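Working notes for the structure below.
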Amino acid sequence: MNKKLKIIILALAALIVLTFIAGWLKHSNVQVFNSAGSVGEKERNLMLFALGLSLIVVIPVYILLFSFAWRYREGSKKKRKYSPELAGNWAVETVWWLIPTALITILSVVAWNSSHALDPYRPLASSKKPMTIQVVALDWKWLFIYPKQHVASVNFVQLPVGTPVKFQITSDAPMNSLWIPQLGGQIYAMPGMSTQLNLIADRAGDYHGSSANISGTGFSRMDFIARAGSESQFNAWVKSAQHSPHRLSRPAYDQLAKPSQDNPVTYYSRPDSDLFGQVILKYIVPQTANGPAYRVVMP
């Protein structure tokens, strides 16, 4: 088999593998690649760009690895040329150091710019007013509080399409992490702290949300649904939740906060106005019989 034919066969094999991978990704719901929001789309493009840059180095390295292993294998009938002059060759070493250096420089600049552009605390540009949702990570469930709408939900969050959402996140359990892969990256939920995550859904649908940080026995099933719909659907959902017979008072919250697994979706009406702040303060200020010694109102 001549050299040209070998190269053609290797190129065809690589093309077949890449085509198979592309087809699998297109027809499989790999959530980080099937973005449904502008933040998720930018993060996906960044990952693909970094992957493409990496392949410029990875593919030639593996081609050389297998070709050298085959060319200089034990038992080969052909005597291969020994070229010790390549060691210390200025021109060759310049090439194999210059290319990775250039790639790393490009990746560093892109990573620097994207780290600022995709800062989870950075408000999203939109003609619509952002909506605030407070999130409390519990053992092993998620509590979503809508302070302006005076409703709350467990393991379910309703979002209006095209409206920026500012998630204020804390934990009343071990450290956790909120993640909706199709809408954007994750952010940590920590006791005694309030973190932020700004996301937006650009199209309607149900999106899988989960815990992205191991937090104990029920971690693997600590999932929730993020449903994006029209403004009218959001308003109808809020109205329905406001008529829920379950009121999220402090005693009801204390009962909900007890460790449990596989909690069904539950809606609450009239959550205590300072509940989110109380959850944070319980870890940083003295407690009284009626809860924290101080009150806090979240912006």
Side-chain angles (χ1 to χ4, degrees), residues 1-115 117-118 179-186 199 201-210 212 220 223 226:
M1 185 182 296
N2 59 49
K3 187 176 181 180
K4 288 185 178 180
L5 185 57
K6 289 181 181 180
I7 294 174
I8 293 173
I9 292 174
L10 288 173
L12 288 175
L15 183 61
I16 292 171
V17 171
L18 291 175
T19 303
F20 174 79
I21 293 174
W24 179 78
L25 289 174
K26 183 177 180 180
H27 295 93
S28 300
N29 185 23
V30 181
Q31 296 179 24
V32 292
F33 293 131
N34 185 20
S35 58
S38 59
V39 177
E41 182 179 4
K42 291 175 182 176
E43 292 179 348
R44 178 200 63 192
N45 293 341
L46 178 61
M47 286 189 292
L48 292 175
F49 179 78
L51 176 62
L53 281 181
S54 301
L55 291 178
I56 294 176
V57 174
V58 171
I59 291 176
V61 166
Y62 275 92
I63 290 175
L64 291 172
L65 172 65
F66 290 111
S67 64
F68 286 172
W70 176 258
R71 184 179 180 86
Y72 299 104
R73 70 191 184 281
E74 185 179 2
S76 176
K77 294 181 180 180
K78 286 187 177 182
K79 186 177 180 181
R80 301 301 178 180
K81 182 182 178 182
Y82 176 55
S83 304
E85 68 277 1
L86 288 179
N89 186 294
W90 183 86
V92 174
E93 291 193 0
T94 298
V95 171
W96 68 48
W97 279 106
L98 189 60
I99 293 176
T101 301
L103 295 178
I104 291 172
T105 301
I106 294 171
L107 189 59
S108 299
V109 172
V110 172
W112 174 271
N113 292 331
S114 61
S115 295
L118 296 173
W179 191 27
I180 310 174
Q182 289 182 259
L183 298 184
Q186 59 86 29
L199 298 176
D202 291 336
R203 68 171 188 261
D206 285 1
Y207 307 114
H208 176 255
S210 66
S220 61
D223 301 322

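We count residues from 1, following the sequence as given. Treat the numbers as computed from the prediction; the structure is a model and nothing was measured.
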So, taking the atom named [atom1] in [X] and the one named [atom2] in [Y], what distance separates them when rounded to the nearest 0.5 Å?
| X | Y | atom1 | atom2 | value |
| --- | --- | --- | --- | --- |
| Phe49 | Ser54 | CZ | OG | 10.0 Å |
| Thr94 | Trp97 | OG1 | CH2 | 11.5 Å |
| Leu51 | Leu55 | CG | CG | 4.5 Å |
| Glu43 | Leu46 | CD | CG | 8.0 Å |

Looking only at non-hydrogen atoms, find the nearest pair between [X] and [Y] and report the distance.
| X | Y | value |
| --- | --- | --- |
| Ser35 | Arg44 | OG-NH1, 3.4 Å |
| Gln31 | Pro181 | OE1-CG, 3.4 Å |
| Asp202 | Ser38 | OD2-N, 2.9 Å |
| Gly185 | Trp179 | C-CD1, 3.7 Å |
| Gly184 | Leu199 | CA-CD2, 3.8 Å |
| Leu183 | Val39 | O-CB, 3.6 Å |

Exercise. Would you find a donor on one side and an acceptor on the other, under 3.5 Å apart, between the side chain of Gln182 and the backbone of Asn34?
Worked result: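 Side chain of Gln182 to backbone of Asn34, a donor-acceptor pair under 3.5 Å: yes, one is there.
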
For this session: Using side-chain contact (heavy atoms from CB on, under 4.5 Å) as the criterion, point out the one residue from Thr105, Ile104, Leu103 that pairs with Thr101.
Result: Thr105

For this session: Indicate yes or no: at least one non-hydrogen side-chain atom of Leu53 is less than 4.5 angstrom from one of Ile56.
Result: yes

